[in-house]
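Have a look at the structure below before the remarks.
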Amino acid sequence: MSGPGKKVVDVAFKASKNIDWEGMAKLLVSDEARKEFATLRRTFDEVNSTLQTKFSQEPESIDWEYYRKGIGSRLVDMYKEAYESVEIPKFVDTVTPQYKPKFDALLVELKEAEEKSLKESRRLEKEIAEVQELKIGTMTADAVL
């Protein structure tokens with residue numbers, strides 16, 4: 001395969017290798033989110049499989065001589081010329097350049113929110129530990145009295 005089809009297949013294959021499905025699954029907290037995530041992954045795998053199989057194969061070449069024998073050179077030459085003149089337009093991605101900066105900014109924002117959340121979790125864990133120590137201290141003091 002050559003041209004835009006092969007490029008799409010290559011990009012999809014590389015993208016599928018870079019996805020950390022297990023890492024993303026660990027971030028999900030609800031059963032509904034897990035179900036939606038499983039559907040997303042299954043759909044992605046189906047599309048990726050289709051791209052790998054259907055679009056990674058070269059089309060079969062046409063045996064023009066076979067048709068010349070049965071139909072005649074003039075008509076076959078007309079079809080051959082028309083067939084070879086067909087140009088498949090190349091895909092030009094105009095969307096990615098528009099959304100890539102927004103996506104990158106969201107990733108930065110996500111990392112910042114994740115760090116903030118982790119700091120808050122650590123702070124809350126310390127506070128819980130302190131409250132539990134106070135509770136134990138209070139229980140011990142009550143037992144002594």
Side-chain angles (χ1 to χ4, degrees), residues 1-68 70-71 73-142:
M1 171 182 259
S2 61
K6 179 165 179 40
K7 190 171 187 175
V8 168
V9 170
D10 290 343
V11 168
F13 181 73
K14 288 176 186 173
S16 67
K17 293 248 181 212
N18 294 332
I19 297 174
D20 182 12
W21 294 104
E22 286 74 29
M24 287 191 289
K26 290 177 185 175
L27 300 174
L28 303 174
V29 292
S30 72
D31 289 336
E32 185 177 335
R34 286 186 193 96
K35 194 184 325 182
E36 289 293 325
F37 184 73
T39 302
L40 172 67
R41 185 171 186 181
R42 191 172 40 259
T43 303
F44 178 86
D45 289 341
E46 289 171 6
V47 170
N48 198 31
S49 175
T50 301
L51 286 172
Q52 294 298 322
T53 55
K54 286 187 178 180
F55 298 111
S56 64
Q57 301 169 358
E58 288 286 336
E60 292 183 28
S61 61
I62 298 173
D63 183 6
W64 296 107
E65 290 306 315
Y66 170 80
Y67 292 105
R68 277 193 183 94
I71 299 174
S73 294
R74 187 171 164 205
L75 188 59
V76 171
D77 288 341
M78 284 175 30
Y79 275 99
K80 182 179 179 184
E81 183 180 326
Y83 176 81
E84 290 175 348
S85 69
V86 172
E87 290 186 32
I88 298 172
K90 293 186 178 184
F91 174 73
V92 178
D93 184 6
T94 58
V95 176
T96 301
Q98 293 174 2
Y99 288 97
K100 179 102 172 90
K102 293 177 186 176
F103 181 76
D104 291 342
L106 284 173
L107 284 178
V108 170
E109 188 177 322
L110 173 70
K111 285 290 183 188
E112 290 171 356
E114 181 183 27
E115 289 174 18
K116 184 179 178 182
S117 177
L118 289 172
K119 285 180 183 177
E120 183 65 12
S121 293
R122 285 190 291 268
R123 186 190 69 75
L124 290 172
E125 287 172 0
K126 286 180 184 176
E127 192 172 317
I128 290 170
E130 290 172 2
V131 168
Q132 286 177 341
E133 285 178 23
L134 288 173
K135 182 178 176 183
I136 292 171
T138 305
M139 293 172 80
T140 307
D142 286 341

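Of the possible polar contacts, one joining the Thr43 side chain to the Thr39 backbone as a donor-acceptor pair under 3.5 Å is found. Listed for the Ser85 side chain is a donor-acceptor partner under 3.5 Å among the backbone atoms of Ala82. Remark: side-chain polar atoms of Ser117 are not paired, donor with acceptor, to backbone N or O of Ala113 under 3.5 angstrom.
Evaluation of the ring pair (Phe, Tyr, Trp, His ring centres under 6.0 Å) rule for Tyr79 yields no partner, not counting sequence neighbours. Listed by chain and number, the residues in a side chain to side chain contact (heavy atoms under 4.5 Å, CB included) with Glu133 amount to none (sequence neighbours excluded).
Within the 4.5 Å cutoff, the side chain of Phe44 has no heavy atoms near those of the Arg41 side chain. Looking at Asp93 and Pro97, their side chains come closer than 4.5 Å, going by heavy atoms from C-beta outward. Side-chain contact between Glu125 and Glu120 is absent, with no heavy-atom pair separated by less than 4.5 Å.
Using a 4.0 Å cut-off between a side-chain N of Lys or Arg and a carboxylate O of Asp or Glu, Glu130 and Lys135 do not qualify as a salt bridge. The existence of a salt bridge linking Asp31 and Arg34 is confirmed by a sub-4.0 Å separation between a basic side-chain nitrogen and an acidic carboxylate oxygen.
Counting heavy atoms of neighbouring residues, nucleotides and ligands inside a 6.0 Å radius, atom CZ of Arg74 does not exceed 12 of them. Environment of CD in Glu32: sparse, with no more than 12 heavy atoms of neighbouring residues, nucleotides or ligands closer than 6.0 Å. Residue Glu81 places its CD atom among 12 or fewer non-hydrogen atoms of other residues, nucleotides or ligands, all under 6.0 Å distant. Surrounding CZ of Phe37 are more than 12 heavy atoms belonging to other residues, nucleotides or ligands, all under 6.0 Å away.
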Worked verdict on Glu127 versus Arg123 for salt bridge (Lys or Arg N to Asp or Glu O under 4.0 Å): CA-CA 6 Å; Glu127 192 172 317; Arg123 186 190 69 75; 2.8 Å; yes
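The OG atom of Ser73 lies 12.5 Å from the CE atom of Met78; values are rounded to the nearest 0.5 Å. Distance CG/Leu40 to NZ/Lys35: 15.0 Å, rounded to 0.5 Å. In this structure, the separation between CG on Asp77 and CH2 on Trp64 is 9.0 Å, given to the nearest 0.5 Å. The CD atom of Glu65 lies 13.0 Å from the CD1 atom of Ile62; values are rounded to the nearest 0.5 Å. Of the inter-residue distances, the one linking Lys126 atom NZ with Leu124 atom CG reads 11.5 Å to the nearest 0.5 angstrom.
Of all heavy-atom pairs between Ala33 and Leu28, the closest is O-CD1, 3.8 Å.
Residue pairs meeting the side-chain hydrogen bond (donor to acceptor under 3.5 Å, both in side chains) criterion with at least one partner in residues 99-115, sequence neighbours excluded, are Lys100-Asp104.
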